[in-house]
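Shown next, in structure tokens, is the structure this report addresses.
Proteins come first, then strands; the chains are lettered A, B, ... in the order of their sequence lines, and each starts at number 1. Please read these numbers as outputs of a predicted model, since none were measured by experiment.
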Number of protein chains: 2
Amino acid sequence: MIGQDPAPELPVAAHADRGRPALPAPRPDRHERARHAQAQALLEDYTELIDDLIAATGEARITDIAAHLGVTHPTATKAVARLRREGLAQSRPYRGVFLTDSGQRMAARARARHRTVVDVLVALGVPVEAAESDAEGIEHHVSDSTLAAFARFLDRRG
Amino acid sequence: MIGQDPAPELPVAAHADRGRPALPAPRPDRHERARHAQAQALLEDYTELIDDLIAATGEARITDIAAHLGVTHPTATKAVARLRREGLAQSRPYRGVFLTDSGQRMAARARARHRTVVDVLVALGVPVEAAESDAEGIEHHVSDSTLAAFARFLDRRG
DNA sequence: ACACGAGTGTAGCCAAGGCTACATTTCACG
DNA sequence: CGTGAAATGTAGCCTTGGCTACACTCGTGT
């Protein structure tokens with residue numbers, strides 16, 4: 001600490017030279033949250049996709065997973081290994097991938113979030129194709145608070 | 001190519017068992033775009049912050065950069081090395097970091113995008129703190145098309 | 001019934017982006 | 001004007017998530 005600052009919540013550069021814009025206080029937590037969300041993103045993408053594949057075709061095969069996500073099959077295999085480690089999926093060699101209860105819950109949440117984000121973007125006038133594409137990245141950074149606001153907004157609009 | 005498919009744009013599982021939901025066609029490009037955006041995110045975060053620091057205090061020091069982004073200083077040093085490699089920043093040992101023209105353009109675009117995203121979120125009813133926090137992750141996945149729609153929406157609202 | 005092609009697994013490489021530990025340089029202050 | 005604390009640089013490690021190359025299984029079709 002640096003003595004008794006009379007207004008400790010002031011921006012860091014409140015005393016900066018006149019004419020210079022004030023620098024916002026450091027908010028490292030915001031970036032840390034974003035990094036954490038990004039680390040979760042892969043899990044959400046895979047669980048959601050696996051759930052879709054099982055619903056549509058009865059099984060989730062490594063090759064199909066890889067094709068949908070635009071990665072090679074060893075990458076998909078490695079990711080499934082991580083899903084297993086985290087208790088989200090089960091699999092036996094050459095027998096496809098299945099979700100645990102926990103994995104299915106994650107998939108359901110991810111899908112709901114995705115749909116809401118797409119709907120909001122479209123409601124704001126974003127072309128559908130761009131909305132779907134951007135949502136793929138955006139959805140992982142939408143907090144519960146923001147998601148709730150989105151839902152209220154869509155509701156309000158009918 | 002695989003022969004003359006009479007309806008090549010049909011969803012992959014259009015012939016799936018009745019009662020099963022149709023699986024959307026694979027869209028690997030969407031995920032590839034999201035991954036690419038994520039790879040750009042670090043550059044945007046750093047250029048924007050460095051620009052802010054220089055505007056507010058006249059210089060961008062490694063320690064301040066690290067503090068604002070919530071990383072240790074060697075991590076910030078390594079990132080600045082990457083900025084230099086990509087022609088976005090210049091720096092000399094112990095002398096702070098500065099942006100090239102290219103870096104300043106990236107910073108300007110990043111800041112504008114950030115502001116627009118926050119404004120839209122707030123307009124939709126997201127609490128300011130959550131809006132700022134989520135925007136940190138969302139902004140990197142907002143395409144030009146979506147950004148334009150956001151701007152029109154804000155404009156329309158006055 | 002088996003051979004071969006498609007699907008899957010495995011090994012090992014790479015780059016990115018975190019970290020800790022330690023070395024070096026600056027510069028403000030006594 | 002010298003020195004010690006703070007700032008910066010550097011080395012080296014770890015994990016993640018890509019990739020290619022190669023080995024193995026499965027099951028389909030003749």
Does Thr77(A) make a side-chain N or O approach to OP1 or OP2 of dG9(C) shorter than 4.0 Å?
yes

State plainly whether the residues Arg111(A) and Asp52(A) are in salt-bridge range, i.e. N to O under 4.0 Å.
yes

Mind calculating the distance between CD (Gln40(B)) and P (dG17(C)) to the nearest angstrom?
10 Å

Measure the distance from CD1 on Ile62(A) to C1' on dT10(C) and round it to the nearest whole Å.
13 Å

Expressed as a whole number of angstroms, how long is the span from Leu43(A):CG to dT16(D):P?
10 Å

Could you check which of dG18(C), dG18(D), dC27(C) has an atom nearest any side-chain atom of Arg95(B)?
dC27(C)

His31(A) NE2 to dG17(C) P, straight-line distance once rounded to whole Å
15 Å

In whole Å, I'd like the distance from the NE2 atom of His36(A) to the P atom of dT16(D).
13 Å

I want to check one thing: is the phosphate of dA16(C), taken as OP1 and OP2, less than 4.0 Å away from some side-chain N or O of Arg82(B)?
no

Can you tell me if the side-chain N/O atoms of Thr75(A) get under 4.0 Å from OP1 or OP2 in dC19(D)?
yes

Just compare dA7(D), dC24(D), dG18(C) and give me whichever is closest to any side-chain atom of Tyr94(A).
dC24(D)

Give the rounded distance in Å between these two atoms: CG of Asp45(B) and P of dG17(C).
11 Å

Given atom CD1 of Ile65(A) and atom P of dG7(C), what is their separation to the nearest angstrom?
14 Å

Decide, yes or no, whether a salt bridge links Arg157(A) with Asp119(A) under the criterion of side-chain N to carboxylate O below 4.0 Å.
no

Rounding to an integer number of Å, can you tell me how far Arg92(A) CZ sits from dT25(D) P?
15 Å

SB check Arg115(A) Glu132(A) (cutoff 4.0 Å)
no

Which part of the nucleic acid, if any, lies within contact of Thr72(A), taking any heavy atom under 4.0 Å across all strands shown: a base, the sugar-phosphate backbone alone, or nothing?
base

Find the distance between CZ (Arg105(A)) and OG1 (Thr100(A)) and round it off to the nearest 0.5 Å.
7.5 Å

Pro93(A) or Ala79(A): which one's nearest nucleotide on DNA chain D is closer to the 5' end?
Ala79(A)

dist Asp45(B):CG -> His31(A):NE2 (nearest 0.5 Å) comes out at 5.0 Å

Does His73(A) get its side chain close enough to the base of dG7(C), under 3.5 Å, for a donor-acceptor pair?
no

Select one nucleotide: of dT25(D), dG12(C), dC19(C), the one nearest the side-chain heavy atoms of Lys78(A).
dG12(C)

Output the single nucleotide from dC26(D), dT20(C), dT10(C) whose closest atom is nearest the side chain of Pro74(A).
dT10(C)

